Amino acid sequence: MLRRSRGGCGASAGRILIAVVLVGVALFSYFGSRVYNPVTDETQHINISAKQEVALGLQAAPQMEAEFGGQSQDMRAQGLVDQVCTKIVQSSDAGKTDYPFACHLLADPSTVNAFALPGGQVYITTALFNRLQTEGQLAGVLGHEMGHVVARHGAEHIAKTQLTQDLTGAVVVASYDPSNPNSAYAAQIAALVGQLVNLKYGRSDELESDQLGVRFMAEAGYDPRAMITVMQILAESSSGGNPPEFFSTHPNPDNRIEHIQQAIATQYPDGVPAGLQE
């Protein structure tokens, strides 16, 4: 019994040592990958290049498009999306990046949503497009999604997910006991904590994308107050009790409109000038 106990303690100590090494490598890899973003003026922890982001986005595009009915065959509506998209890219800091932006109208007539893939593929569903009333509102939606791309939120989450997986793996190594199947429960708890941390960052990403969206659409000559109207349209879409899909992919803090108003005040400290396109 004593010999078996010592062997068990030795194995446990060995697992802990391996776990400590794995944690050290994971943290060094994550915090050692630092990239400066000139558009947001932030230093980010990212472990892939812009070209890799573009490749990942293009690879994921067909599946994402299929989930929302494919690309719309309404050429007139797609033409308007292209027009606004091009104007924002050509007139704002979004166009000074390495991302080949392309905006697409998806055929889904019932799912109110918009999203962007890493690398510059931007999407809006027909259901959301049909609820918009002005070109400026469309610019607000597209500008917000471009904000996610330029801020490299997808690349940040890839790095965070990798860190979470590595740390979770270290917990599994340290806590797993072959003679006790219940030890796997610790790994499940670690994974859950990782998901909650990533959700918190997602909410922060939304506010940053709102700020960038205001900036991009204003630089392109659109009245940024149109983005407030977009938020009101989305709120009305959820009045029936079923929140639009947009709110599940874009966490919606209660003070979101307030943050947009603050971003507008920062962009135009002397007030929004007349003549901007609504």
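Everything numeric in this text was worked out from a predicted model, so none of it was measured. These numbers come from the heavy atoms of this one structure, side chains and all, not from hydrogens, waters or symmetry mates.
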Report task. Check the pair Ile48 / Ile46 against side chain to side chain contact (heavy atoms under 4.5 Å, CB included), numbers first and verdict last. Result -> CA-CA 6 Å; Ile48 62 174; Ile46 293 175; 4.2 Å; yes

**Report entry** CD (Gln59) with more than 12 external heavy atoms under 6.0 Å
**Finding:** no

**Report entry** Between CD on residue Gln121 and OH on residue Tyr99, distance to nearest 0.5 Å
**Finding:** 13.0 Å

**Report entry** Pair His148-Ser209, side-chain donor/acceptor within less than 3.5 Å
**Finding:** yes

Query - Exercise: identify the closest heavy-atom pair between Met64 and Phe115 - result: CE-CE1, 3.9 Å

Query raised in the report: In Å, rounded to the nearest 0.5 Å, how long is the span from CG of Leu142 to CG of Leu138?
Result: 4.5 Å

**Report entry** Shortest non-hydrogen contact from Val214 toward Ile260
**Finding:** CG2-CG2, 4.0 Å

Requested in this report: Please check if the side chain of Asp93 supplies one atom and the backbone of Lys96 the other of a donor-acceptor pair under 3.5 Å.
Outcome: no

Report task. Using a strict 4.0 Å threshold on nitrogen-to-oxygen distance, state whether Asp223 and Arg225 make a salt bridge. Result -> yes

Query raised in the report: Within a radius of less than 6.0 Å around CD of Glu42, do more than 12 heavy atoms belonging to other residues, nucleotides or ligands occur?
Result: yes

Report summary line: What one should report as the nearest heavy-atom pair of Gln137 and Val230 is O-CG2, 3.5 Å

**Report entry** Side-chain donor-acceptor pair present, Glu65, His104, cut-off under 3.5 Å
**Finding:** no

Requested in this report: For residues Gln267 and Gln262, determine if any side-chain heavy atom of one lies less than 4.5 Å from a side-chain heavy atom of the other.
Outcome: no

Requested in this report: Determine, stepwise, if the pair His144 / Leu212 fulfils side chain to side chain contact (heavy atoms under 4.5 Å, CB included).
Outcome: CA-CA 7 Å; His144 172 93; Leu212 289 170; over 6 Å; no

**Report entry** Side chain Ser72, main chain Asp74, donor-acceptor under 3.5 Å
**Finding:** yes

Report task. Taking all heavy atoms of Pro100 and all of Asp98, pick out the closest pair and write down the distance. Result -> CD-O, 3.5 Å

**Report entry** Atom pair CD/SG of Gln78 and Cys85 - distance to nearest 0.5 Å
**Finding:** 9.0 Å

**Report entry** Donor-acceptor contact below 3.5 Å, side chain Ser92 vs main chain Glu219
**Finding:** no

Query - Backbone N/O of Ser49 and side chain of Gln52: donor-acceptor pair under 3.5 Å - result: yes

Requested in this report: Check whether any side-chain heavy atom of Val39 lies under 4.5 Å from a side-chain heavy atom of Thr97, and answer yes or no.
Outcome: yes

Query raised in the report: Could you give the distance from OG1 (Thr40) to CZ (Arg215), rounded to the nearest 0.5 Å?
Result: 8.0 Å

Query raised in the report: Does some side-chain heavy atom of Ile124 sit less than 4.5 Å from a side-chain heavy atom of Leu132?
Result: yes

Query raised in the report: Sub-3.5 Å donor-acceptor pair from the side chain of Glu278 to the main-chain atoms of Leu276, do we have one?
Result: no

Report task. Measure across Met227 and Gly140 and return the closest heavy-atom pair with its distance rounded to 0.1 Å. Result -> CE-O, 3.3 Å

Report task. Tell me, yes or no, whether the heavy-atom count around Asn130 atom CG, taken from other residues, nucleotides or ligands under 6.0 Å, exceeds 12. Result -> yes

Query raised in the report: Does any N or O in the side chain of Thr126 come within less than 3.5 Å of the main-chain N or O of Leu106, such that one atom is a donor and the other an acceptor?
Result: yes

Report summary line: Heavy-atom closest pair (Arg152 atom, Ala50 atom, distance to 0.1 Å) is NH2-N, 3.6 Å

Query raised in the report: Taking side chain as C-beta onward, heavy atoms only, is Cys103 less than 4.5 Å from Met146?
Result: yes

Query - Side-chain heavy-atom pair Asp210, His259 within 4.5 angstrom cut-off - result: no

Report task. Answer whether the closest heavy-atom distance between the side chains of Leu128 and Thr111 falls below 4.5 Å. Result -> no

Report task. State the CD1-CD distance between Ile88 and Glu145, to the nearest 0.5 angstrom. Result -> 11.0 Å

Requested in this report: Look up atom CD in Glu206 and atom CZ in Arg256, then write down how far apart they are to the nearest 0.5 Å.
Outcome: 5.0 Å

Query raised in the report: Taking the six-membered ring for Trp, is the centroid-to-centroid distance between Tyr123 and Phe129 below 6.0 Å?
Result: no

